[in-house]
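Since the structure comes first, as structure tokens, the remarks are kept for the end.
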Amino acid sequence: MNPYRPQDFESRWQAFWEAEGLHRALGPGEPGFDPSRPKYYVLDMFPYPSGSGLHVGHALGYVGTDVVARKKRMEGFNVLHPMGWDAFGLPAEQYAIQTGKHPRATTDENTANFRQQLKKIGLSYDWSREIDTSHVSYYRWTQWLFARLYERGLAYRAEVPVWWCEELKTVLANEEVINGRSERGNHPCVRRPLKQWMLKITAYAERLLDDLDTLDWPESIKIQQREWIGRSEGAEVRFAVEGEPEPVTVFTTRPDTLWGATFLVLAPEHALVKRITSAAQRPALEAYLAAAASKSELDRTDASKQKTGVFTGAYAHNPVFEKGDPRGRVPIWVADYVLAQYGTGAIMSVPGHDQRDFEFAQAFALEIREVVRAPQGEKGLADGVCFTGEGTAVNSGPIDGLATAEAKTRTCAWLEERSLGKARVTYKLRDWLFSRQRYWGEPFPLLHLEDGSVVRVPDEFLPVELPVMDDFKPASDGSAPLARAKDWVVTIDPRTRKPARRDTDTMPGWAGSCWYWLRFMDPHDSKAAFSKEAEQYWGPVDLYVGGAAHAVMHLLYARFWHKVFFDAGLVHTSEPFQKLYNQGMVTAFAYEDATGRLIASDEVEWQAEKPVRKPDGEPLKQIVTKMAKSLKNVVNPDDIIGEYGCDAFRLYEMFMGPLDESKPWNTRDIPGCRRFVERVWRLFVDPEAEASVRESFARDAAEKPIEGDTLAAERALARTLRKTEESFRHFNFNTAIAAMMTFLNEVGPIQASLTRSQGLRFLACLAPFAPHIAEELWQRMGESGSVTRTAWPLAEARYLELDELEIPVQVLGKLRGKITVPKAASRAEIERGARAAVAPHLEGKEVVKTIYVEGRLVNFVVRG
RNA sequence: GGGGAAGUGGCGAAAUCGGCAGACGCAUCGGACUUAAAAUCCGAAGGCCGCAAGGCCGUGCGGGUUCGACCCCCGCCUUCCCCA
């Protein structure tokens, strides 16, 4: 008896692949490496191994890349498809502080769990290349690469505001602060300046922007990155401050509106604020600064919020006016909608032509002056609205009458001639805050000498190992936990033998993911981060797949590091990821009662097609949300695989819809995929018989001529192969699976007419999606080796051609009939047939025009 | 607030270039097989009207372009994602 029992063979094939090393990616220098084959590097964004394990949403992208990797191998590529762990970071540390377990221990437990879960999904990773960013064998090279940035002057220290929670006595990361309160405990937080390591990503802003054009990435991601980098052209203008030697420098994108600047606004953190504030204004100002410190940048710049600010009591001089001209005397205000890190931390306010300045001026009764006349037909200042568009300069001395674009360049020239300012390009992108006062991260390979200077730990003395500590809570004075590892901190500079103290900050969670694709190319190298040969062969990543959630930060940081490596001659391409693809989010149904309260899905049952709560039958509303532990709607792949088998699970993941779309998981739909694999099984195997495969597929079965049902099957197979091939171009594997289902529907009734070759080609086509059943049937067919090593089957053009065409016939764009014509029919014949087919609809009407789309459609345009 | 996506049957979805809307699957209903059930196989099915033939309406809403619009343009509405 031969029923389909996946539990009997799925783990056996997984063990076989591993034992045979079928997914090992052999690289340069390894025995058996074949350099004549083309390479393909397909990479998943590696996961942070959280304690809650994988859910079916994570698996979506992994199955997607696995399908691609398996097909590429069948096409003869050397495929690099690795997996590892982005294991440093805050959550592990947080969890450790709560439970008292060391993050090393919990991280190892979590990665073991993830590895075992991933292996059950039958993913064809080369596990010999597994990496863990929190292992010293990895992070010593993170430190080494950081040193390359450092020696190029791209790392520096600066006082920047960071979130501080007085109640918790700790520095918090941005993501730990919500609406000015700590995520844990809901305590108030403030931003206070602290010395931090910064990376000078702004030095690469122009290249990060320009090189986007060379990448095969989704346009939406490119737009988001461009937006993030935020290039803007404008001018820097110096305003002299009354009674101060230092001028205030402002940046503006609209130098043409300089004549309309009626006040200045400084960011609360601006260095000049405290110096210039008058005694009378000081109390109000102090109160304002304290309030601003507790707001996030998001709140501060939220345009919908009421504008707040306070006058400093000081005045500046607008340099476009003569000394003594009352129009040039402008008050200096402080407002939190101006950010210290953007531009110069100070703006000139032109309330007539900037919406935020307009609202601010209205709120505080400041002067509004028109300097740009709106074009005919548009509402301008004369109509009482702020005009922010382009128009004609007025009340602006030397640039009066000029159009905005011309007025801008003329103003810049005017300023430069008089040394009052200059044209400048700025970016919204800011330098990257690269240090944390936390334990679970990479230590900086830096030493502080007694004279206050900072030196690198020489490369040959790397790694700087993270000391083992039992108490790694942040200290109450905001200093880093590593500062308490006294024996570790106190050291000597190996170069000068002078006493030194180690830097006690650690790198942020992003650090390890800034180069991991390079380590995968050569993961066990103890002499270098990666060998030149390996990088030369495998780089760049051909296909990078991950969630759109990382559209900006991770991808921008990774590109930045890679460009630095390129400049340092470490890599041969200036971009790391040639093609990027974002898998969609897998959402899940959740249920809420009449009051909107969420009900866990295991408390829900279905009665008469309606969801109700189990104990009392109260009707519930089905909603779609993300999968989250807190919503109790998480589905674990282990459970699904246990019940339906791995192949059915993989097929369902791909059958749900196009890879890039977000779609709800519905376990109720899986039986359809399970039935599909069972039907595949029965196509090849008679479950009632002892034979390993049906007679018609046996090795010694008589050769069948390609005619009749066999020809029909050949054509059906050709259509399936074509559709599958196409699905790899669009990453909509749901249509490939649908095509294979259609194939089964078509050949089911004529099973006995199928040839062995047709059966084998179908299995090869199925193999990337459902590799276990493909292997099992491949073996039962008596084929030697693994289906993963057979050639990818292609459709033969001659079996895709049809003898007859069915052509829809429309009248005035409405479908009124269909005709079937021989492939060779002439246009005249087709038109004649079409007229006949829709004759009743043409009755008494005049055909004005006949539209014929070659082989596709006829449309009669009629009148009367 | 800014930025990015997406809205098609009861549900997941499909539809080369602007050319037959709803392939494939789930759930549902009917039939066959069965003592019965499960499994399997065959069939029905967007909505409305109709015994039927057939007709009308239908891709979030309102306009537009076109012989023809899920697809292109303009304006709305709703939902989801991201913000160092």
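Chain naming here is simple, since letters A, B, ... match the order of the sequence lines and numbering starts at 1 in each. We use all heavy atoms of the structure for the numbers below, so side chains are in, but hydrogens, waters and symmetry mates are not.
A gap of 26 Å separates the P atoms of B/C24 and B/C72, to the nearest Å. Nucleotides B/G62 and B/G55, compared at atom C1', are 27 Å apart to the nearest Å. For the P atom pair drawn from B/A5 and B/C73, the interatomic distance equals 13 Å after rounding to whole Å. Here the separation of B/G58 from B/G10, taken at their P atoms, is 16 Å to the nearest Å. Going from the C1' atom of B/C20 to that of B/A6 covers 27 Å, rounded to whole Å. Taking the P atom of each, B/A23 and B/A15 are spaced 12 Å apart, rounded to whole Å. Of the C1' atoms belonging to B/A13 and B/G1, the separation is 35 Å, rounded to the nearest Å. Atom name C1', nucleotides B/C80 and B/C41: the rounded distance is 42 Å, in whole Å.
No engagement by A/W510 is indicated, since no non-hydrogen atom pair under 4.0 Å with the nucleic acid exists. Note on A/D660: nothing from the nucleic acid sits closer than 4.0 angstrom, heavy atoms only. Residue A/E661 is out of contact with every strand shown, counting any heavy-atom pair closer than 4.0 Å. Contacts of A/H730 with the nucleic acid, taken as non-hydrogen atoms under 4.0 Å apart, are absent. Among the protein residues, A/K222 comes within range of no part of the nucleic acid, since none of its heavy atoms lies under 4.0 Å from any strand. Across all strands, A/P658 comes closer than 4.0 Å only to sugar-phosphate atoms, never to a base (heavy-atom distances). Residue contacts shown for A/I851 include a base, since a base heavy atom lies under 4.0 Å away. Among the atoms of the strands shown, only primed sugar atoms or phosphate atoms (P, OP1, OP2) are found under 4.0 Å from some heavy atom of A/P664. In this structure, A/R729 reaches neither bases nor backbone, as no heavy-atom distance under 4.0 Å exists between it and the strands shown. Contacts of A/N859 with the nucleic acid, taken as non-hydrogen atoms under 4.0 Å apart, include base atoms. Across all strands shown, A/R816 has heavy atoms under 4.0 Å from sugar-phosphate atoms exclusively, and none from any base. Nucleic acid contact for A/V552: none, since no nucleic acid atom lies under 4.0 Å from a heavy atom of the residue.
A straight line from NZ of A/K663 to C1' of B/C26 spans 16 Å, rounded to a whole angstrom. Atom CZ in A/F655 sits about 17 Å away from atom P in B/C11, given to the nearest Å. Atom C1' of nucleotide B/C41 and atom CG of A/N745 are separated by 12 Å, given to the nearest angstrom. Atom CZ of A/R5 is separated from atom P of B/A39 by 18 Å (rounded to the nearest Å).
Of the candidates B/C81, B/U16, B/A5, the closest approach to any side-chain atom of A/K626 belongs to B/C81. Nearest nucleotide to the A/Q224 side chain, out of B/G19, B/G4, B/C24: B/G4. Picking from B/G25, B/G19, B/A5 the nucleotide with the shortest atom distance to the side chain of A/D669 gives B/G25. Residue A/R682 places its side chain closer to B/C41 than to any other of B/C41, B/C67, B/G12. Checking B/C41, B/U40, B/A15 against the side-chain heavy atoms of A/K723 singles out B/A15 as nearest.
Taking 3.5 Å as the limit, the base of B/C67 and the side chain of A/K849 contain no donor-acceptor pair of atoms between them.
In this structure, A/R559 satisfies the cation-pi test against A/W217, with its NZ or CZ atom closer than 6.0 Å to the six-membered ring centre and inside 45 degrees of the ring normal.
Salt bridge absent: A/E269 and A/R191 never bring a charged side-chain N and a carboxylate O closer than 4.0 Å. Under a 4.0 Å N-O distance rule, the pair A/E726/A/R722 does not qualify as a salt bridge. Between A/R835 and A/E831, none of the side-chain N atoms (NZ, or NE/NH1/NH2) sits under 4.0 Å from a carboxylate O, so this pair counts as no salt bridge.
Residues A/Q751 and A/L683 come closest through the heavy atom pair NE2-O, 3.2 Å.
Side chains of A/Y337 and A/D357: a donor on one and an acceptor on the other come within 3.5 Å. Counted by atom type alone, A/D660 and A/Q583 present zero donor-acceptor pairs between their side chains at under 3.5 Å.
Phosphate contact (OP1/OP2 of B/G55, side-chain N/O of A/H841, threshold under 4.0 Å): present. Dashed line: the shortest gap from a side-chain N or O of A/R668 to OP1 or OP2 of B/G25 is not under 4.0 Å.
No option in A/Y204, A/F434, A/W515 other than A/Y204 meets the ring pair (Phe, Tyr, Trp, His ring centres under 6.0 Å) test with A/F560.
Nucleotide B/C72 has B/G64 as its partner under the Watson-Crick or G-U criteria, with both atom distances under 3.5 Å. Under the Watson-Crick and G-U wobble criteria, each requiring two contacts below 3.5 Å, nucleotide B/C80 is paired to B/G4.
In this structure, B/C17 is classed as syn because its glycosidic torsion stays within 90° of zero. Under the 90° criterion around 0 for the glycosidic angle, B/G9 counts as syn.
Each of A/L815 and A/A738 was assigned the nucleotide of RNA chain B with the nearest heavy atom; the assignment lying further toward the 5' end belongs to A/L815.
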